[in-house]
Amino acid sequence: DEVTRLLAASGARSVADLGCGEGRLLVRLLANPQFLQLIGLDASAQALEKAADRLKRQDVAGMRDRVTLLHGALTYRDERWHAAEAAALVEVIEHLDADRLPTLAEVVFGAAHPKTIVVTTPNAEYNRLFPALPPGSFRHPDHRFEWTRDQFAAWASAVAERYGYGVSFSGIGEPHPDFGPITQVAVFRR
Ligand code: SAH
């Protein structure tokens, strides 16, 4: 819901949801008529099938013309989504090995270069508030890393600088006074 709000505030009429998974963000975006063209991209064909099923259950006029699902990887240039005015990466970057992130940045920020990019990722500092999570472990077995706020800010600021974006940081959920929010958010604008 917060990402939908941020994308709506950006004024974008077209959004590429990169690593769209099962389409939870796409159904929210679809409900807002501001978004005329929506693209969901994911490397997992299985996730895309679930996204297609979820979308089919929505009763929204003109849906077939507004949403396109693409099977693809964020580590390859893909002109099929380059026309999107905004892109979202919601809980996606931590699924790539850290040494693939420069390639992802080149593909998303460099080659596609949308006006607005919203990135969310877990805030590792918050993990100590999960009693069942052993220290040093991740929230999901497929996560390759989880970053503190400083680590995320360092990565995002370097990417913004390199590709000509400004970046602002926020969070999702009530922030803990010491450990911050459960999920961290960066909004890049060019
Ligand atoms: N954004 C969704 C899904 C997050 S899970 C949500 O918030 O619900 C991470 C998703 O990223 C998975 O669906 C996974 O298949 C996808 N993914 C991971 N690496 C990818 C890559 N290199 N290219 C495209 N998608 C990728």
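Remember, it's 1-based here, ligands and their atoms both numbered in the order they're listed. We use all heavy atoms of the structure for the numbers below, so side chains are in, but hydrogens, waters and symmetry mates are not.
- Taking the charged nitrogens against the carboxylate oxygens, Arg144 and Glu94 have no contact shorter than 4.0 Å, which rules out a salt bridge.
- Looking at Phe188 and Val119, their side chains come closer than 4.5 Å, going by heavy atoms from C-beta outward.
- Inclusion of Ala43 in the set of residues having an N or O under 3.5 Å from an N or O of ligand 1 is warranted.
- For ligand 1, the polar-atom distance check finds an N/O of Arg24 within less than 3.5 Å of one of the ligand's N/O atoms.
- In the vicinity of Cys20, heavy-atom distances shorter than 4.0 Å reach the ligand 1 atoms 2 (C).
- With Leu69 as the fixed residue, the side chain to side chain contact (heavy atoms under 4.5 Å, CB included) test singles out one of Leu41, Leu26, Ile39: Leu26.
- Using a 4.0 Å heavy-atom cutoff, Gly72 is listed among the residues neighbouring ligand 1.
- Among all protein heavy atoms, the one lying closest to atom 18 (C) of ligand 1 is His95 CB, 3.9 Å.
- Proximity annotation for atom 22 (N) of ligand 1: of Leu74, Thr103, Val90, Asp42, Leu74 comes nearest, heavy atoms only.
- Annotation: cation-pi geometry not satisfied between Arg149 and Phe169 (NZ/CZ under 6.0 angstrom from ring centroid, within 45° of ring axis).
- Those atoms of ligand 1 with a heavy atom of Glu91 less than 4.0 angstrom away are 4 (C), 5 (S), 9 (C).
- Asn127 contributes no side-chain N or O that, together with a main-chain N or O of Arg139, makes up a donor-acceptor pair within less than 3.5 Å.
- The contact set between ligand 1 and Leu96, taken as ligand atoms under 4.0 Å from a residue heavy atom, comprises 19 (N), 22 (N).
- Between Lys56 and Asp53 there is a salt bridge, with a side-chain nitrogen of the basic residue lying less than 4.0 Å from a carboxylate oxygen of the acidic one.
- Partner of Glu85 under the side-chain hydrogen bond (donor to acceptor under 3.5 Å, both in side chains) criterion, out of Gln37, Lys115, Arg13: Arg13 alone.
- Summary of contacts: the protein heavy atom closest to atom 2 (C) of ligand 1 is Gly19 O, 3.3 Å.
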